[in-house]
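Here's the structure, in structure tokens; my notes come after.
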Amino acid sequence: MNLEELYQKHGERLYGYLLFRLGSAEDAEDVLQEAFCRFARYSLRWKLVRNPQAFVFKIARNEANRFLGRKAGRREGETAMLKEGGGRFEAALAKPEETELAILLKRAGELPPDQKEALFLKIFDGLTFKEIGSVCDISANTAASRYRLGIARLRKAAEGTSR
Amino acid sequence: MIDDRPDVEAKLAGLAARPAPPGMRDRVLGAARAVRAKDAISPRAWLAAAACALLIVAALGADGVLGRRQAAGIAALLDGRSAEKPAEPMDWGADLPELAVIRPAVMARAGSAPDAGLPLRAYRDLLKGALNHADPEILF
């Protein structure tokens, strides 16, 4: 696998996803670097990969989890992830100028972690439900229902604020 | 009435992602290339591995050829005979003085030449029940 080509296709989006997961630009870059080092070692494994997009996101997710585990200890790392909500939209996205959008982003940040992740991977990374399921170790149906629940909550919140 | 307000999905999709820090691409790819170069097998190691593989194959081939040659040599020495020595009939009465008394009777009964060996079976048949008698003369 050509590393330059891989970065060209997925590098920036992986960085965005890692920013969302970790909340820090330095950590996201470190983990992205570790993920690419892993890709470099997988010269034979690439031949068996059916969906490279799902594969790279899954590797990046695993690396992020490992990083959090190393950073604060396994148990504490998981607790920290849950406490932080398992993803931060405001870290990965530029601050919107419109108040309505800022409120929407705030509401999105209040969603449960699994719904937030499904939303991020679908809207900002363009993954299919099948790919999201593969990345998060869930079925495509579960990924779809998480996404729809998240969107439904945001719609409800948006209707509430617009009234 | 059609709702023309942009949906939350479209609104979220319109948000811009934070840009990557400058130079990140080179740092990430540089680290990945370094790992790939470190993990790659050097030409010298490839040569050593290939030489070892060739040696193993040569040793296995030579073993087969030598084995066949050795078998052919042994066959030539034996001139087609088997390496095992055939068992010769043993004359049990010749070596045991106790049996020498009945040897002529055994010879006569078996119809063998006087110098030929006799099988143990012939002695056994003659001696059946003889141990119950003190004097072997009774038998003959």
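Numbers restart at 1 for each chain; the letters A, B, ... are given by sequence-line order, proteins then strands.
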Shortest non-hydrogen contact between Ala40(A) and Arg36(B), atoms and distance:
O-NE, 3.5 Å
Which residue out of Asp30(A), Leu6(A), Leu154(A), Ile151(A) racks up the most heavy-atom pairs below 4.5 Å with chain B?
Ile151(A)
Phe39(A) versus chain B, the contacting section by heavy-atom distance below 4.5 Å:
backbone
Once rounded to the nearest 0.5 Å, what's the spacing between atom OH of Tyr42(A) and atom CG of Asp39(B)?
11.5 Å
Out of curiosity, does Leu68(A) fall in the hydrophobic cluster containing Ile59(A) (side-chain heavy atoms, cut-off under 4.5 Å, transitive links)?
yes
Can you confirm whether Arg155(A) sits close enough to Asp7(B) that some side-chain heavy atom of one is under 4.5 Å from a side-chain heavy atom of the other?
yes
Most contacts with chain B, counted as non-hydrogen pairs under 4.5 angstrom, among Pro96(A), Ala91(A), Ala108(A):
Ala91(A)
Any donor-acceptor N/O pair, Arg18(B) side chain to Lys95(A) backbone, under 3.5 Å
no
Single-linkage hydrophobic cluster, 4.5 Å side-chain cutoff, Val35(B) and Met24(B) together:
no
Cut-off 4.5 Å, heavy atoms of chain B, and the answer for Leu3(A) is both
Side chain / backbone / both / neither for Glu34(A) at chain B, heavy atoms under 4.5 Å
neither
With heavy-atom distances below 4.5 Å as the criterion, would you say the side chains of Glu12(A) and Arg25(B) are in contact?
no
Glu9(B) vs Tyr147(A) side-chain heavy atoms within contact, under 4.5 Å:
yes
Look at the side-chain heavy atoms of Ile, Leu, Val, Met, Phe, Trp and Tyr, link any pair under 4.5 Å apart, and say whether Val56(A) and Leu29(B) land in one connected group.
yes
Of the backbone (N, CA, C, O) and the side chain (C-beta and beyond), which part of Val28(B) lies under 4.5 Å from a heavy atom of chain A, both, or neither?
both
Residue Glu90(A) versus chain B: region with a heavy atom under 4.5 Å
backbone
Say whether Leu22(A) and Leu105(A) are linked into one hydrophobic cluster, either directly or through other cluster members, by side-chain heavy-atom distances under 4.5 angstrom.
yes
Distance-minimising heavy-atom pair for Phe124(A) and Leu12(B)
CE2-O, 3.1 Å
Might you point out which heavy atoms bring Tyr15(A) and Ala20(B) nearest each other, and give the distance in Å?
CE2-CA, 3.6 Å
Taking CH2 in Trp46(A) as the centre, count heavy atoms belonging to other residues, nucleotides or ligands within less than 6.0 Å. Is the count above 12?
yes
Comparing Leu101(A), Leu119(A), Leu32(A), Leu93(A) against chain B, the one with the most heavy-atom pairs below 4.5 Å turns out to be Leu93(A)
Heavy-atom proximity to chain B below 4.5 Å, by part of Ala25(A)
neither
Crowding at NZ, Lys58(A) (>12 non-hydrogen neighbours, <6.0 Å)
yes
Taking atom CD of Gln8(A) as the centre, does the number of heavy atoms from other residues, nucleotides or ligands within less than 6.0 Å exceed 12?
no
